[in-house]
Structures are given as structure tokens and as C-alpha cells.
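The structure appears below as C-alpha cells.
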Number of protein chains: 2
Amino acid sequence: MNIAAMNPELMTQEEDIERASRSLKAMSHPLRLKILCILGDREVSVQEIVDNVGTSQSNISQHLAILRDKGILASRKDANRVYYRVGDARTLRLIGMMQEVFCRSS
Amino acid sequence: MNIAAMNPELMTQEEDIERASRSLKAMSHPLRLKILCILGDREVSVQEIVDNVGTSQSNISQHLAILRDKGILASRKDANRVYYRVGDARTLRLIGMMQEVFCRSS
DNA sequence: AACTTAATAAGTTATTAATTATATTACACA
DNA sequence: TGTGTAATATAATTAATAACTTATTAAGTT
């Protein structure tokens, strides 16, 4: 039996850490971070993301899939376009905070 | 000539993104995140970190080196021991914010 | 049918992580 | 002083993941 199984507090902490690191890892790739910055609190089509980020459509699609699978982004299909947005308020807040910390406030 | 070279704003944004993703990537490994949580705003010896995290001394040392090399942690040697701490206020703030977002406030 | 938009698959290369073994540094104390 | 030991770092290897490219598929439009 491991320690966490005996102590709900520790268990929770470990789970929080696993969850956080999964999310952070998903966000910590330059292209994916750029995607998140482009999205902000808007809903944007894959097209527009491809045009703004500057890599292949296939590559963008794969990065979007990673962000979607990890619960960072949500998507909506309309006709033959797909629109992505930041999935929840918490993540949006985290992105805002990261911008505060990392972007020079010129 | 690339676009960024012509437009200082874009350049800055790209640099911010690179810098942010390097830092986030360094922080987004479960063991490294755990190390950061253990540190908080304290200064802690490698010993104590090893005891609390639960992996080999060598593995901890390598993770500490990654955090140090990326500027997340600073270290101080005292006699036989090495003490680590979070390097700057910004990073400390970021860690605090991540805890707010990811840790249930039971 | 041809075209647009997006996703997926397969293959290759690059990066990261963990393990094991060894080196380095500082101390303790006979 | 020399030897053992504790604390930390480094090196080398292997294993696992992640990223990018190219080609193809699928679905929706015109």
C-alpha cells in the first residue's frame, strides 16, 4: 500500500500536481502558446490560426488536437469550418496571468 | 528578411513566447512541479528535497539542474550542502497563481 | 466533379527521462 | 595527514515521448 492511499491530503496534492503538469506541458510549446495568445477569449477558425501562426495546416491541426485532448481548448464545427476557443474560465485566467508575468508591459 | 525584423512589436511578442515556453516547459514535469511546490518561498537543501519528492538523488539532481539552467531556481552552497530557492519574485508569483488555478481550495 | 477545410496516418528525427555507475567536494576524526 | 563517509553532480546508456513532414482521407461547398 502506498502512502497516498492512506492520506487523502497527500493524494489530493499528487493529483493536483499531475493535473497541473499535464496542462502546463500541453501549453508549454511555442506554437501552442502562440495559438493560445491568438485565441484569447475569442473563437477563431482553424484557417485563421494557420494564417497567423505560420506553420503547416497539418502541424496546426496536430497541435490543436493536443490542446483539445488535454481539455485546454473546445471546438465547434460550423459547415466545413471548425472554430476553437479556450475551454474554460480557469484556463483563460491562467493564460492572462502568464501574459502578465512573461510579456513586457511596454 | 523575415517579418519580425521589420516590426519590433512582433519581434517582442515572439521573444516573449519563446521565453515563456522555455520556462513553462521547465516547470511542467510532475517531479519539477513538486519540487517547486516544496520550495515555495523557502530555501531547501537537496537532501530535504530528495526525502520529500521520492525519487533517486541522481534524478533529483538532474531535475534541479534543469530548473537552475532555465533560471527558475537559484542555489547556494554551504559547506557540504546545497540549498535551492525560487530565483525571482515573478516566478514565485507564477507558481502561486498556478496553485490557485490547479489546487482545490478545500 | 472540383474545391475548401480540417483531420489523420505513417515514418523519421529529435528531445526528454530514468537508471546505473562514477566523480567531486567537504567534512569528521583517528 | 590520511581515510572513510555524506552530500551533490556528472556521464553514459537505454527507453520513452514528442515533433515535424508528407501523403492521404473525410466532409462540406459551389
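A note on names: the letters A, B, ... follow the listed sequences, proteins ahead of strands, and every chain is numbered from 1. Note that the coordinates shown come from a computational prediction; the quantities given were computed from them, not determined experimentally.
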_Spacing between A/Arg81 atom CZ and C/dC3 atom P, to the nearest angstrom_ = 17 Å

*Between atom CG in A/Leu64 and atom C1' in C/dA6, what is the gap in whole Å?*
10 Å

*Nearest-nucleotide wise, let me know which of A/Gln62 and B/Gln57 is further upstream toward the 5' end of DNA chain C.*
A/Gln62

*Contacting residues from residues 23-36 of chain A, given that a heavy atom lies under 4.0 angstrom of DNA chain D*: A/Lys25, A/His29, A/Arg32

*Using the heavy-atom set of chain B and a strict 4.0 Å cut-off, write down the first and last nucleotide of DNA chain D that makes it in, 5' to 3'.*
D/dA6 to D/dA11

_I'd like to check B/Arg93 versus A/Glu100 (side-chain heavy atoms, cut-off strictly below 4.5 Å). Are they in contact?_
yes

_Whether the side chain of A/Ser58 and the base of C/dT8 hold a donor-acceptor pair under 3.5 Å is what I'd like checked._
yes

*Would you check if the side chain of B/Arg85 reaches a backbone N or O of B/Val44 as a donor-acceptor pair within less than 3.5 Å?*
no

*Would you mind telling me which residue lines up with the more 5' stretch of DNA chain C, B/Thr55 or A/Val50, judged by nearest nucleotide?*
A/Val50

*Checking all strands, does B/Gln47 fall into the base, sugar-phosphate, or nothing category for heavy-atom contacts under 4.0 angstrom?*
sugar-phosphate

*Round to the nearest Å and state the distance from B/Ile60 atom CD1 to C/dA17 atom C1'.*
13 Å

Would you list the atom pairs, donor with acceptor, under 3.5 Å between side chains in residues 77-84 of chain A and any protein atom, with sequence neighbours excluded?
| from | atom 1 | to | atom 2 | distance (Å) |
| --- | --- | --- | --- | --- |
| A/Tyr84 | OH | A/Arg68 | NE | 3.2 |
| A/Tyr84 | OH | A/Arg68 | NH2 | 3.4 |

_Backbone of B/Ile17 reached by a side-chain donor or acceptor of B/Ser21 within 3.5 Å_ = yes

*asked:* Expressed as a whole number of angstroms, how long is the span from A/His63:NE2 to C/dT8:C1'?
replied: 15 Å

*asked:* If I take atom CD1 from residue A/Ile35 and atom NE2 from residue A/His63, how far apart are they, to the nearest 0.5 angstrom?
replied: 6.5 Å

*Please give, in whole Å, the distance from C/dT4 C1' to A/Asn80 CG?*
6 Å

*Short side-chain N/O contact to C/dA18 OP1/OP2 from B/Asn59, under 4.0 Å*: yes

*Can you tell me how far CD1 of B/Ile72 sits from CG of B/Leu64, rounded to the nearest 0.5 angstrom?*
12.5 Å

_Under a 3.5 Å distance rule, please check whether A/Ser28 uses its side chain to pair with a backbone N or O of A/Lys25 as donor and acceptor._
yes

*asked:* Given 3.5 Å as the limit, does a donor-acceptor pair link the side chain of A/Arg19 with the main chain of B/Phe102, or not?
replied: yes

*Length of the line joining A/Tyr84:OH and C/dT5:P, which is rounded to integer Å*: 16 Å

_For atom CG of B/Leu67 and atom P of C/dA17, their distance in whole Å_ = 10 Å

_Donor-acceptor check, side chain of A/Asn52 to backbone of A/Glu48, threshold 3.5 angstrom: yes or no?_
yes

_Between P of C/dT4 and CD of A/Glu48, the distance in whole Å_ = 19 Å

